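In what follows, chains carry the letters A, B, and so on, assigned in the order in which the sequence lines appear, proteins first and then strands, with residues in each chain numbered from 1. Note that these values count all heavy atoms, side chains included, but never hydrogens, waters or copies made by symmetry. As the structure is a prediction and not an experimental result, all values here were calculated from the model.
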2 protein chains.
Amino acid sequence: MTERAVSAEEFDDPVDSEGAPRASDGRVPGRRGRATRQRLLECTREMLASHSYRDLRVVDIARQAGTSPATFYQYFPDVNTAIVALAEEMAEQGNDLVVQLVGRSWSGATGVQTAEAIARGYVQLWEQNWPLMRVLDLTSAEGEHRFRAIRVRLLNQFTEALAEVIRGEQEAGRQTAELDPMATAGVLVSMLAHVASHLYGFEHYGIRTADLERSMAHVLYTTVTGQKPPKSKD
Amino acid sequence: MTERAVSAEEFDDPVDSEGAPRASDGRVPGRRGRATRQRLLECTREMLASHSYRDLRVVDIARQAGTSPATFYQYFPDVNTAIVALAEEMAEQGNDLVVQLVGRSWSGATGVQTAEAIARGYVQLWEQNWPLMRVLDLTSAEGEHRFRAIRVRLLNQFTEALAEVIRGEQEAGRQTAELDPMATAGVLVSMLAHVASHLYGFEHYGIRTADLERSMAHVLYTTVTGQKPPKSKD
DNA sequence: GGCGAAATCTGACGGGTCGTCACATCGTAG
DNA sequence: CTACGATGTGACGACCCGTCAGATTTCGCC
């Protein structure tokens, strides 16, 4: 294979400390420029929701924003860089939510509620951001290091928080010490991530989202605490 | 966005009942033709192992096979169709293996061994076929219906077999009847699929494959049987 | 052994996308 | 109102894809 252009994949979006982006030629854009950049970002988000990621063309985003392809390249070295900007914003907000849920109590009936909240929370996070989440999953499986970094950050903080809980349960003697906490947490987060990203496929096969959430909550609770869940109220 | 060429994505590889493929013009190839086709397939497999799927170019496969791009198009309408042929072969063989494992006994210490065998088996299946598995995961998440069909077939038979076991455990009163068997099985298979496809990522973070297998086996056994595993020998 | 016809292979081309660059336009400070 | 920096764009070269007419190889048959 002839070497392909490495393109800008290896470089990060040039953004200064305040988040003000620089244009391709290194100059700092003014009001008009930033407005155009923002408009391009929003159009990218829209296109991502209505078109397949693979079919996303610069010319379409530019046209949607009422400008020319060359203008797009003035603000982003490529389409991925624009998406990274969007994904970073989403990851920021979404991560807090789920990690926070892990911190709740894991004992008894409250613990079951925690597990349910996590399962539902993760599913909702995915449903609310599926265009970006999908791209994140997709490109992370390939080589794109920036997307992978975001995804890893998103999942890793979650995994570590969960591992900490598992470690606590092990020390309290409620959970078997034979399991590696990080490995176990990784397995659980994998479950959440994969199920969330394939909800539509499951629905297609007649498997209801509510049932999936219940099963995931069950697995979560059981695996984290090492206990059978106390019988629920419903 | 202007409509993109639908290309041959919607059409299946023309293959007659005996598996003998037809060339692009509909004629049945002779010895030389079939040899060339096979050579192209093997080269596709090699390229897939050493190059990213996205960077796979027809011209490279052809060159590797010591022929011209036009020859490739004589036997396959596009690169994906060639990969589908490879993936189908793999799925055939791999599916039997894992589904067969599910049929083993799930009671007591033997059950733990069954769970471990499944976890290890799935991981090995992935490790042995990662170039194809990766493409399957990748393109299924997008729209390619042929890849998705193969992946669904692979996972669905597995899921249904597992659901059947869970249903049995429920009827025997060992597992809570609150959970939908298919949903639960789907969750478990998701776990296996996602962990297997991210083994390298986990290793990168210092999480050992052996620990992942143990954790997955634990989750599998616990969730399927509803019992704590009997204490192991090691 | 030679000769057509069928099978197989290939060079070259039209069509399309990508990213860049020189230049046009805008808008604002003086 | 003018000049200059900031912003926007048409058009171009490079690249990849899939096709097609024609060249080359193989094979059955005399």
Rounded distance (Å) that lies between atom [atom2] of [N] and atom [atom1] of [X]:
{"X": "B:N80", "N": "D:dC17", "atom1": "CG", "atom2": "C1'", "result": "14 Å"}
{"X": "B:R54", "N": "C:dC18", "atom1": "CZ", "atom2": "P", "result": "14 Å"}
{"X": "B:L40", "N": "C:dT8", "atom1": "CG", "atom2": "C1'", "result": "12 Å"}
{"X": "A:Y73", "N": "C:dT17", "atom1": "OH", "atom2": "C1'", "result": "9 Å"}
{"X": "A:R37", "N": "D:dG8", "atom1": "CZ", "atom2": "C1'", "result": "17 Å"}
{"X": "B:Y75", "N": "D:dT19", "atom1": "OH", "atom2": "P", "result": "16 Å"}

Exercise. Parallel, tilted or perpendicular: which describes the rings of B:F72 and B:F76, with under 30° parallel and over 60° perpendicular?
Worked result: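 B:F72 and B:F76: tilted rings.
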Exercise. Do the side chain of A:H198 and the main chain of A:H194 share a donor and acceptor less than 3.5 angstrom apart?
Worked result: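 Yes.
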Problem set entry | Among C:dC9, D:dC16, D:dG18, the nucleotide that comes nearest once only the side chain of B:R57 is considered |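 From the listed options, D:dC16 comes nearest.
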Exercise. So do the side chains of A:D180 and B:R208 get within less than 4.5 Å of each other, counting heavy atoms only?
Worked result: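 A:D180 vs B:R208: side chains apart.
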Problem set entry | Partners meeting side-chain contact (heavy atoms from CB on, under 4.5 Å) with A:W126 (sequence neighbours left out) |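 Expected list: A:Y122, A:W130, A:M133, A:R134, A:D137, A:A196, A:S197.
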Exercise. Which residues pass the salt bridge (charged side-chain N to carboxylate O under 4.0 Å, His left out) test with B:E88, sequence neighbours left out?
Worked result: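 Checked B:E88 against salt bridge (charged side-chain N to carboxylate O under 4.0 Å, His left out); matches are B:R153.
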All N/O contacts under 3.5 Å from nucleotides 9-12 of chain D to the protein, with atom names and distances to one decimal?
| residue | atom | partner | partner atom | Å |
| --- | --- | --- | --- | --- |
| D:dT9 | OP2 | A:T67 | OG1 | 2.5 |
| D:dT9 | OP2 | A:S68 | N | 3.1 |
| D:dT9 | OP2 | A:T71 | OG1 | 3.0 |

